[in-house]
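Taking it in order: structure first as structure tokens, then the write-up.
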Amino acid sequence: MAIQKPTLPKGTRDFGPLQMARRNYIFDIIKDTFKLFGYQQLETPSMENLSTLTGKYGDEGDQLLFKILNSGDYLKDVAPSDIEAGAAATLAKVSEKGLRYDLTVPFARYVVMNRNEITYPFKRFQIQPVWRADRPQRGRYREFYQCDADVVGTDSLVCELEILLMIKRVFASLGLKDYAIKLNNRKILTGLAEVIGAAGREGELCVAIDKLDKIGWAKVQEELQQRSFKQEAIGKLSPIIDLLGSNREKLDFLESFLKDSEIGLKGIVELREVLELLNQYGESEDFVDFDVVLARGLSYYTGAIFEVKVNHVSIGSVSGGGRYDNLTGVFGLEGVSGVGFSFGVDRIYDVLEELNLFPTEQLEGTQVLITYFEEEGRNYGLQVLNKLRTAGIASELYPDVVKIKKQFTYADKKQIPFVMVLGSDEINAKQVSLKNLISGQQESMDLSDAIKMIQGQ
RNA sequence: GUGGUUGUAGCUCAGCUGGUUAGAGCGCUGGUUUGUGGCACCAGAGGUCGCCGGUUCGAACCCGGUCUUCCACCCCA
């Protein structure tokens with residue numbers, strides 16, 4: 001058999017040591033924030049029954065699901081007539097499981113299955129990979145991590161407030177200073193469709209309007225025409241398009257614009273309250289931007305909609321979420337309101353890399369490498385190694401008896417800041433030689449002094 | 001899913017209108033230094049030119065297919 005070069009499946013990646021250190025840096029900040037706000041961690045299986053997943057993300061979403069072929073003879077139930085009927089008819093007979101597409105639907109499933117054990121309001125966070133059979137691009141992968149935090153069992157707008165606060169805390173910790181938390185409300189979009197005389201069509205309306213900053217008002221009008229919106233209705237939208245000013249000014253304008261839509265006004269009230277709560281908490285409205293044309297997750301969001309975009313980078317949104325009043329309804333549990341959002345770690349990684357915001361100092365990693373010349377030094381080194389680790393210092397002993405130069409090169413490559421050299425002089429004097437590879441200074445001392453010096457750093 | 005794009009050493013890339021043994025920089029290994037890394041100098045290893053097929057006396061180069069990369073659309077983190 002000919003040797004073949006190994007490759008990765010399309011849209012997947014390996015993460016090397018440097019990348020993992022950087023990813024953990026991001027994960028730790030997010031995790032700490034979720035915990036600080038009282039969220040508890042949950043994990044669910046990578047695969048779910050296909051019946052749990054399908055129909056939750058729209059037709060597009062169903063197409064992007066990775067399906068898992070049944071084990072064994074997966075063709076045993078397939079008749080020739082099934083194959084003639086096409087892929088859709090055959091699928092149900094060859095696959096009953098799929099990889100999760102997001103963390104929200106598995107969470108809804110979990111809530112329904114554990115409805116009696118859960119204490120409400122239930123605040124949970126979940127950090128796991130999800131899979132989408134999309135075509136990969138920059139910032140778009142087939143396997144990527146989501147960091148979700150959701151609350152179910154309350155419709156309090158305090159939850160919306162906390163989402164804003166968590167986003168602000170995470171981004172501040174990451175050193176991101178130029179970003180926008182775009183905020184809107186599904187009810188406002190519904191109201192918008194009502195007052196322009198296109199009630200019930202906010203989905204279509206939003207798909208077009210959402211592209212405003214990308215393709216411009218003229219093109220959006222064209223698209224709306226193609227979707228057979230009346231010219232009169234399109235004309236009514238124009239004051240919305242150039243809406244500028246503070247959040248308050250925009251809300252004031254929308255309030256009069258939506259005066260004939262009860263639901264639209266409800267959305268305004270909700271948004272005002274979220275901003276008011278932010279104020280009560282003692283936090284500014286910096287980075288929070290009410291954006292009437294923001295439209296995401298329309299297949300299930302019913303209240304607030306969030307999206308976070310970092311300015312001046314070539315990556316799409318890095319976080320998003322919203323309120324869904326009845327996500328568990330499809331699983332037979334009605335009346336459970338939830339709100340949640342998600343950080344896209346892989347995209348945040350790309351953003352931090354593009355903006356050069358990763359901390360340069362390597363916090364994780366070995367602090368000391370023990371080097372020696374022969375067996376005797378290695379035996380002495382093992383005792384030293386034990387004491388270093390007992391003192392809580394990340395340390396390692398070079399495993400092979402090789403030239404000292406090679407051992408130093410290893411320390412240098414691995415960016416280990418200290419090297420201990422153990423030769424006959426040190427062994428006889430029961431000391432160690434400690435070299436600081438950054439300053440280049442080296443001196444002999446007792447091990448206890450060396451430990452102090454390393455910890456003093 | 002639709003349209004386009006890319007693939008040459010571990011990495012980043014050269015390689016003329018098809019013509020002998022396919023190059024550079026960085027990295028890697030060894031040496032200058034048998035108790036000392038980074039810097040410098042010297043030497044060396046490393047490629048069925050993504051894969052399969054076709055055209056041709058001759059293909060890294062032209063053609064077809066396939067996989068991969070990146071981009072736009074759709075949608076999304």
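By convention in this document, chain letters (A, B, ...) are assigned in the order of the sequence lines, proteins followed by strands, and residues within each chain are numbered from 1.
- Under 4.0 angstrom from either OP1 or OP2 of B:C28 there lies at least one side-chain N or O belonging to A:K413.
- Separation of the C1' atoms belonging to B:U56 and B:C62 is 10 Å when rounded to the nearest angstrom.
- If you check every strand for non-hydrogen atoms under 4.0 Å, A:K309 touches nothing.
- Atom P of B:G27 sits at a distance of 11 Å from the matching atom of B:G38, rounded to the whole Å.
- Under the 4.0 Å criterion applied to side-chain N and carboxylate O atoms, A:R323 and A:E270 are not assigned as salt-bridge partners.
- Going from the P atom of B:G47 to that of B:A72 covers 37 Å, rounded to whole Å.
- Nucleic acid contact for A:V318: sugar-phosphate only, since backbone atoms but no base atoms lie under 4.0 Å from a heavy atom of the residue.
- In summary, A:K309 and A:D289 do not engage in a salt bridge, as defined by a charged side-chain N under 4.0 Å from a carboxylate O.
- When heavy atoms are screened at a 4.0 angstrom cut-off, A:T7 is found touching no nucleic acid atom at all.
- With RNA chain B read from its 5' end, the first of the two nearest nucleotides for A:G11 and A:V308 is the one closest to A:G11.
- Of the candidates B:C75, B:U32, B:A77, the closest approach to any side-chain atom of A:K405 belongs to B:U32.
- B:U48 and B:C42 are spaced 32 Å apart, taking the C1' atom of each and rounding to whole Å.
- Phosphate proximity of B:U68 to A:K10: present, with a side-chain N or O under 4.0 Å from OP1 or OP2.
- Heavy atoms of A:S342 sit nowhere under 4.0 angstrom from any nucleic acid atom.
- Mapping A:K435 and A:Q63 onto RNA chain B via the closest heavy atom, the residue that lands nearer the 5' end is A:Q63.
- A close approach under 4.0 Å does not occur between any side-chain nitrogen or oxygen of A:K403 and OP1 or OP2 of B:G30.
- Nucleic acid contact class of A:L437 (heavy atoms, under 4.0 Å, all strands): base.
- Partner of A:E307 under the side chain to side chain contact (heavy atoms under 4.5 Å, CB included) criterion, out of A:L294, A:D291, A:L183: A:L294 alone.
- When ring centroids are compared, A:F125 and A:F34 come within the 6.0 Å threshold.
- A:S424 comes within contact range of at least one nucleobase, with a heavy-atom separation under 4.0 Å.
- The separation of B:A9 from B:G46, taken at their P atoms, amounts to 15 Å, rounded to a whole angstrom.
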Inset, instruction - Determine, step by step, whether A:R227 and A:E223 satisfy the salt bridge (Lys or Arg N to Asp or Glu O under 4.0 Å) criterion, reporting the C-alpha distance in whole Å, the side-chain angles of both residues, the deciding distance to 0.1 Å, and the verdict. - result: CA-CA 6 Å; A:R227 292 172 184 269; A:E223 183 160 342; 3.2 Å; yes
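- The stretch residues 439-449 of chain A comes close to RNA chain B through A:G440, A:Q442, each having a heavy atom under 4.0 Å from the strand.
- Contact annotation for A:D102: no contact, since no heavy-atom pair falls under 4.0 Å across all strands.
- In the interface, the side chain of A:E426 is paired with the base of B:G35 through a donor and an acceptor atom under 3.5 Å apart.
- For the segment residues 125-148 of chain A, the set of residues with a heavy atom within less than 4.0 Å of an atom of RNA chain B comprises A:R132, A:D134, A:R135, A:Q137, A:R138, A:G139, A:R140, A:Y141, A:F144, A:Q146, in numerical order.
- The side chain of A:F408 has B:G37 as its nearest neighbour among B:G37, B:C75, B:G30.
- A distance of about 16 Å separates the P atoms of B:G44 and B:C26, rounded to the whole Å.
- Salt bridge A:K406/A:D400: absent, no basic N to carboxylate O contact under 4.0 Å.
- Counted within 6.0 Å of CE on A:M20, heavy atoms from surrounding residues, nucleotides or ligands total more than 12; the atom is thus considered enclosed.
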